[in-house]
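Encoded as structure tokens, the structure appears first; notes follow it.
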Amino acid sequence: SNEAGTDTPRAALVVVANRLAVERTTAADGSAGWQTSPGGLVTALVPIMQAKDGAWVGWHGAPDEELEPFHHDGIDMIPVALSAGEVEEYYEGMSNATFWPLYHDSVAFPEFHREWWDAYVAVNRRFAEAAASAADDNGTVWVQDYQLQLVPSMLREMRPDLRIGFFLHIPFPPSELFQQLPWRRAVLEGLAGADLVGFQVPGAATNFLNLLRRRLGWDTHRQEFVRPDGSRGRAAAYPISIATQAFEDLANSPEVVERAAQIREDLAAETVFLGVDRLDYTKGLRQRVRAFGELFTSGELDPEKVVFVQVATPSRERVEEYKRLRDDIELLVGRINGDSGQLGRPPIHYLHQSFPRDEMAALYRAADVMVVTPLRDGMNLVAKEYVACRSDNDGALVLSEFAGAARELKQAWQVNPYDIDGMKEAILAAGRAGKQETRRRMRALRKQVATHDIDHWAETFLADLDAI
Ligand code: ADP
Ligand code: F6P
């Protein structure tokens, strides 16, 4: 038990994220279990938290269920409960139908609802309280992502002894878009409660600092900002990454090597193109599938020799835009397979499923060309995972200019995902490239991902936070 009078274990490092690393599942017979939560945030943070012996505060993915803290996969998990109404208003509403589209270039129309905002404030307070009772005296709390932008300032008020970091996993928008937000001041003040505010790319940190100056009238000097009480914080870029070596080892394990060979045999194709994304409208799936459809129809890609495998992980399935996207993609894929397929040979293999990590590694190993074409993406870890799995230095990567990863993965075939003709050309060029060119590019990509892995990211951020 601790000062706050609860039985929550206390830790020197506490991570606070909307989701815990695992989510609650209910089997057909009603029994409860756990599975890895979707998305890049969890992929990135699990290996760090396993190594650092910290506590993880987050929601376990099921509404209206109070759970006691528990230990899973080497991590202390502290569940935060959300009611069904809060899931609708705070998570599906304010987080995923307001902030998510607004911060991704408004590629879908953001909705502004005052009730959603009220729920967002209330839930952020609950997470801040949970973090306040989980953190040791003078401990460090690291708040994650757009669902919890108010937590830093709330926590600062509750626990002035703490060091508070914040990291935004998604893009931070240009001020023209951000200013549409009716609650822009509260969000800026919320984030600036952190001692260190981290972003994926330098431009995002600049956007944030400019807004503090212009909207709040605060002083800023380079990466530093000054709050009205005279205290200071910093904002800078820390491009996130993956556990590169662990991915490479997994991809080289005998089971994965064998599974990859099996996948190649099952697909019986000369060239395998692969896409792996959450089924999200920011990922550019409509444009990508259309590009492949045109290439198959025109015969530039021969449906007898080439397959395109698209894994589309189920995501945010109750949000309208996501339902529409699923219908659109499934219509398009069905149409293309109907037009260009033969018995037993659909040119597009579409899988609306989640897979274990080793199956993902086998898919990455089995693909000749990985196609990652988001309209906007904070980083995109799938691109880095693919690179990590290609220890033979072959395999080509087609990558959107608008993914944060494009700054680091310069030797990929980079594309503007809005330009379908340009994308078609890059897909063909990557598919036809000679061994020598592919290897030259992959070697450079691998060097980048090997030297800038998830430990490098966490160590740099935490060292900078510590130095403030
Ligand atoms: P986002 O965070 O927007 O989902 P990222 O590319 O950064 O995008 O991260 C996605 C993460 O989810 C990666 O670690 C990837 O391996 C994982 N992932 C994506 N699709 C699946 C799937 N169908 N099954 C298992 N893991 C998946
Ligand atoms: O990495 C971005 C992110 O939005 C994470 O914050 C989130 O956990 C993940 O993608 C998956 O989305 P969700 O938690 O809404 O299923």
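One-based numbering, in listed order, for ligands and for the atoms of each.
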Check this for me: E258, atom CD, are more than 12 non-hydrogen atoms of other residues, nucleotides or ligands nearer than 6.0 Å?
no

Check the angle between the aromatic planes of W142 and F461 and answer parallel, tilted or perpendicular using the 30° and 60° thresholds.
parallel

Ligand 1 atoms in contact with T313 (distance to a heavy atom under 4.0 Å):
19 (C), 20 (N), 21 (C), 22 (C), 23 (N)

Backbone, side chain, both or neither: what part of L41 comes under 4.0 angstrom of ligand 2, heavy atoms only?
both

Any luck finding a side-chain donor-acceptor pair between Y90 and N18 under 3.5 Å?
yes

Short N or O distance, V276 and ligand 1, threshold 3.5 Å exclusive
no

Please state which part of E359 comes within less than 4.0 Å of ligand 1, counting heavy atoms only: side chain, backbone, both or neither.
neither

Given the ring of W100, does R316 sit roughly above its face, with NZ or CZ under 6.0 Å from the centre of the six-membered ring and within 45° of the axis?
yes

With respect to T43, determine whether any N or O atom, backbone or side chain, lies less than 3.5 Å from an N or O atom of ligand 1.
yes

Does any N/O atom on V382 come nearer than 3.5 Å to any N/O atom on ligand 1?
yes

With a 4.0 Å cut-off on heavy atoms, does R278 reach ligand 1?
yes

Side chain or backbone, does N18 bring an N or O within less than 3.5 Å of an N or O on ligand 2?
no

Do the numbers put R441 on top of the ring of W413, so that NZ or CZ is under 6.0 Å from the six-membered ring centre and no more than 45° off the axis?
yes

Just which atoms of ligand 1 are under 4.0 Å from any heavy atom in V311?
23 (N)

Quick check: does D277 get an N/O under 3.5 Å from an N/O on ligand 1?
no

Does a donor on one side chain sit under 3.5 Å from an acceptor on the other, for E401 and Q414?
no

closest protein heavy atom to atom 23 (N) of ligand 1 is Q353 O, 2.8 Å

Work out whether the distance between some heavy atom of R278 and some atom of ligand 2 is less than 4.0 Å.
yes

When you look at Y91 and R19, which way does the side-chain hydrogen bond (donor to acceptor under 3.5 Å, both in side chains) test go after all the steps?
CA-CA 10 Å; Y91 170 71; R19 275 190 192 275; 3.2 Å; yes

Measuring from the heavy atoms of Y364, does anything fall under 4.0 Å of ligand 1?
yes

Measure centre to centre between the rings of F296 and F308, then say whether the value is under 6.0 Å.
no

Protein residue, atom and distance nearest to atom 25 (C) of ligand 1, heavy-atom basis
F355 O, 2.9 Å

Suppose we measure from atom 6 (O) of ligand 2 to each protein heavy atom; which comes out shortest, and what is that distance?
D145 OD2, 2.5 Å

Test item, S354 contacting ligand 1 (heavy atom, 4.0 angstrom):
yes

Out of R316, R19, Q147, H169, whose heavy atom sits nearest atom 10 (O) of ligand 2?
R316

Residue, atom name and distance, where the atom is the protein heavy atom closest to atom 8 (O) of ligand 2:
P38 O, 4.0 Å

Tell me which protein heavy atom sits closest to atom 15 (O) of ligand 2, plus the residue, atom name and distance to 0.1 Å.
Y91 OH, 2.5 Å

Polar contact flag for L381 and ligand 1 (N/O pairs, less than 3.5 Å)
yes

Ring centers of Y146, F99 separated by less than 6.0 Å:
no

Backbone or side-chain N or O of G40 under 3.5 Å from ligand 1 N or O:
yes

Under 3.5 Å, is there a donor-acceptor pair between the side chain of N124 and the main chain of Q147?
yes

Using a strict cut-off of 4.0 Å, indicate which atoms of ligand 2 neighbour a heavy atom of W100.
4 (O)

Could you tell me whether S315 and ligand 2 have an N or O pair separated by under 3.5 Å?
no

From H169, H104, K283, H352 - option closest to atom 1 (P) of ligand 1 by heavy atom
K283

Is the F167-W457 ring centre distance short of 6.0 angstrom?
yes

Check whether any side-chain N or O of D105 sits under 3.5 Å from a backbone N or O of V107 as a donor-acceptor pair, and report yes or no.
no

Using a 4.0 Å heavy-atom cut-off, say whether Y386 meets ligand 1 through its side chain, its backbone, both or neither.
neither

How are the rings of Y120 and W117 set to each other: parallel, tilted or perpendicular (split at 30° and 60°)?
parallel

Within a 6.0 Å radius of atom CD on E66, are there more than 12 heavy atoms belonging to other residues, nucleotides or ligands?
no

Checking the N or O distance criterion of under 3.5 Å, is ligand 1 in contact with E385?
yes

Basic-acidic side-chain contact under 4.0 Å: D394, R390
yes

